[in-house]
Amino acid sequence: MCGIIGINSNRPVSASIINSLKKLEYRGYDSAGIATLSKGLINEIKSEGRVDNLEKNSLIKNMEGTIGIGHVRWATHGAANSLNAHPHSSQNVSVVHNGIIENSTILKKFLINKGHKFKSQTDTEVIVHLITEHLKSEDMISSITKTLKQLHGSFALGIIFKDKPDLIVGARRGSPLAVGYGPNENYLGSDSYALKSMTNKVTYLNDGEFCIIKKDYVEFFNEGGTKINKKVLELSSEEEKYDKGDYKHFMAKEIEEQPTTLKNGIKEYVDTSNNDINIYNFPWKINEISSITLIGCGTAYHSCLMAKYWFEELTSLDVNIDIASEFRYRKNRFKKECLYVFVSQSGETADTFAALDLCKKNNMKTCAVVNVIESSIARDSDFVLPIHCGTEIGVASTKAFLGQILILYILALKLGLLKNDIERNLFLEKLKDLKELPKLVEQTLMTDNKIQSISTTFNEAKGSMFLGRGFSFPIALEGALKLKELSYIHAEGYPAGEMKHGPLALIEEGMPVVVLAPRDNYYKKTISNMQEVIARGAKVLLITNKSKDEIISENIWETIEVESTNDDLLPFLLTIPLQKLAYYSALKKGFDIDKPRNLAKSVTVE
Ligand code: AGP
């Protein structure tokens, strides 16, 4: 997943490109680069690491040119260094790329036999030399269409040409790409977030399309090279000036924002005056749906798993879930009565988008639960349920996770009511509890529960386990993922009842084990699983909810009590200490909390 920007203007563009690259760093931050056209030459500057390193390059401030492209990289082929950073250029062509060219090895051999010299280890460089090769005998448009046809895999491209000093070419297959329109200048960007600071008027390219961006107009073409018309969209102007404020990290701010974002979600979907839930313009009759399949990656997959428990509890629907990268290659049995729900914070995750595309090709009902409403997954789904969490910058998802499971819970409640699977009184009771949730999250956030000192033990361990049953099991997985991706410590989420089938062998003296055991129907069984690990020397951090009943166990290393509510909603509260545990572990280790190593916020490659 990388980020692309291009600007075609009548003013010098290098500074604006650098600023846009900073907004794109959430898509990858191994290395960065920029290329501009000036005095008949392609000028290229690249650097390892953050965009700041590129900006500090002394050559940048004298970089001329009113046409340029820029790139932030998350390495897929070739080490993360300046040599492999984009743009990649020949004498005549310079290219920035997001995606993976699957037949790059074969193409590279062909081009080397044609005398082309390669400098990098990247797949992207074959695009440069392929276009250069075609330009020897074809015009620009035909060189583009022929090159695109030869590429297998996914790409979003920005291309500039030495001999075409008035245009930028953009092309898209499988990785998002947008055009932005400004005053006497136009833009190319990986997504609307990169363009929002310069314009709120955008056009999204669809797969197979390419465009020619001049400073005063843009032309669009289909993959055959035929000109097509595309509509200009106005982005929502709610572009909040999103910064860290007084927080040290975006993640810290996003954890603390959760009461507000939950309030926003509830306000959006719960009709307080009529004591009902609004899923506006839901496009299907409830009797057209007899099953639901939820699909996502990473944290979004954990949201799907959490929703599975709620849908099973509240509706008679058959419920399936799948990891998007598995679903897209599985021999799926598509049934028209199935509603496919795609959960994605960014709405740009390549595997989830591919799973959506597969369902659309099979004429399935598709619904997106996303945070970015202008995203590819939102645009391509039949129906969208935005989670209204505002921008989430921290790569480790926090408020978006709670936002996702909130909307999925609301959907389960509503469909359960529509299908008469739950009584109206029970529905009203649950709605009443739901309205209290933001306050309970706020109280849980305020509970100073030693989590900071506890995190030291996790940092000193070579690994840890996170255990839960039923509604708590998805949260155990999510808590383990947070610790892994922030503090780089191995942590494994596991069903508490499964430990005796193998993983118990991992338990040794002093090993930290988180046990999620709220006072729900699984409490007693989980406590006995907890005793199994304590008996083998584990240091158990028990996370439960406040109750007048004593905890029926001893030799527990630490206990954290979250606020109490109905069983359905306890997962929201159990998540909070786990987010903080991961945050403080990483803080103590001095790691980059908002941009953990090897990761990116939007995984737009498979
Ligand atoms: C979550 O902390 C991770 N950053 C990652 O697992 C993320 O949830 C996953 O990549 C899916 O992203 P999406 O929600 O934007 O599709």
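Both ligands and their constituent atoms are indexed starting at 1 by order of listing.
Atom 5 (C) of ligand 1 has its closest protein heavy atom at T299 N, 4.2 Å. Looking only at heavy atoms of the protein, atom 9 (C) of ligand 1 is closest to C297 O, 3.6 Å. At the shortest separation from atom 12 (O) of ligand 1 among protein heavy atoms lies T349 OG1, 3.5 Å. Protein heavy atom at the shortest distance from atom 3 (C) of ligand 1 is E485 OE1, 3.4 Å.
In the vicinity of S397, heavy-atom distances shorter than 4.0 Å reach the ligand 1 atoms 1 (C), 2 (O). Atoms of ligand 1 lying under 4.0 Å from any heavy atom of A300, numbered from 1 in the order shown and given with element: 8 (O), 14 (O). Close approach of ligand 1 to V395 is summarised as follows: ligand atoms under 4.0 Å from at least one heavy atom of the residue are 2 (O), 3 (C), 4 (N). Interface atoms of ligand 1 facing V603, defined by a heavy-atom separation under 4.0 Å, are 10 (O). Remark: ligand 1 atoms within the under-4.0 Å shell around heavy atoms of Q345 are 13 (P), 14 (O), 15 (O), 16 (O). When each atom of ligand 1 is checked for a heavy atom of A396 under 4.0 Å away, the hits are 2 (O). The atoms of ligand 1 that sit less than 4.0 Å from any heavy atom of G298 are 6 (O).
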Show me, pair by pair, the donor-acceptor contacts under 3.5 angstrom made by side chains of residues 292-306, not counting sequence neighbours?
residue: T299; atom: OG1; partner: E478; partner atom: OE1; Å: 2.9
residue: T299; atom: OG1; partner: E478; partner atom: OE2; Å: 3.1
residue: T299; atom: OG1; partner: K482; partner atom: NZ; Å: 3.1
residue: H302; atom: ND1; partner: E478; partner atom: OE1; Å: 2.8
residue: S303; atom: OG; partner: T299; partner atom: O; Å: 3.3
residue: S303; atom: OG; partner: Q404; partner atom: OE1; Å: 2.6

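Annotation for W284 and F383: closest pair CH2-CB, 3.9 Å, computed over non-hydrogen atoms. Closest approach of L486 to I593, counting heavy atoms only: CD2-O, 3.4 Å.
Both the sub-6.0 Å distance and the 45° axial angle are satisfied by R379 relative to the ring of Y204.
Within the structure, ligand 1 has K482 among the residues with a heavy atom less than 4.0 angstrom away.
For the residue pair Q345 / S397, no side-chain donor-acceptor distance below 3.5 Å is found, with atom types taken as modelled. For the residue pair N81 and E48, no side-chain donor N or O sits within less than 3.5 Å of a side-chain acceptor on the partner.
Partners of F572 by ring pair (Phe, Tyr, Trp, His ring centres under 6.0 Å), not counting sequence neighbours, listed by chain and number: W310.
Put simply, CD1 on I489 and CG on L483 are 4.5 Å apart, with the number rounded to the nearest 0.5 Å.
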